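Here's the structure we're looking at; comments come further down.
For clarity, every value in this text was computed on a predicted model and none was experimentally measured.
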Amino acid sequence: EILEELKQSGFNDNRLFKKLKDTLLLSDLVKFAKLKPLPQDNETCILDAYIFINETKPVEKLEVEKDIAENSDDEISKKKSIMIENEELK
């Protein structure tokens, strides 16, 4: 159902769609068929989920553009530094 809704929403990134589909399929097999995944499968699913989330989350670019219009260069530099530090902590 999730994949069908995603298709209907206009999502058209086949690479990310496949990553999500593979992750959900393995999750279903683990939950319902009691499959024991290999450690490599676990790592792949976690990495694919991380990639999917990071590549589909809303971009904060608009906030930076708004700041440019409203703030001085020093204030913008400070905010960009904070955003970069927060991204590095993830």
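- Counting heavy-atom neighbours within 6.0 Å of Q40 CD, excluding the residue itself, gives a total of 12 or less.
- Grouped with L35 in one hydrophobic cluster are L25, L26, L29, V30, the linkage being side-chain heavy-atom contacts under 4.5 Å among Ile, Leu, Val, Met, Phe, Trp and Tyr residues.
- Residue pairs meeting the salt bridge (charged side-chain N to carboxylate O under 4.0 Å, His left out) criterion with at least one partner in residues 6-17, sequence neighbours excluded, are R15-E55.
- The minimum heavy-atom distance between N42 and P37, with the atom names listed, is OD1-CG, 3.4 Å.
- Through direct or relayed side-chain contacts under 4.5 Å between Ile, Leu, Val, Met, Phe, Trp and Tyr, F17 connects to I2, L3, L6, F11, L16, L20, L24, L47, I51, F52.
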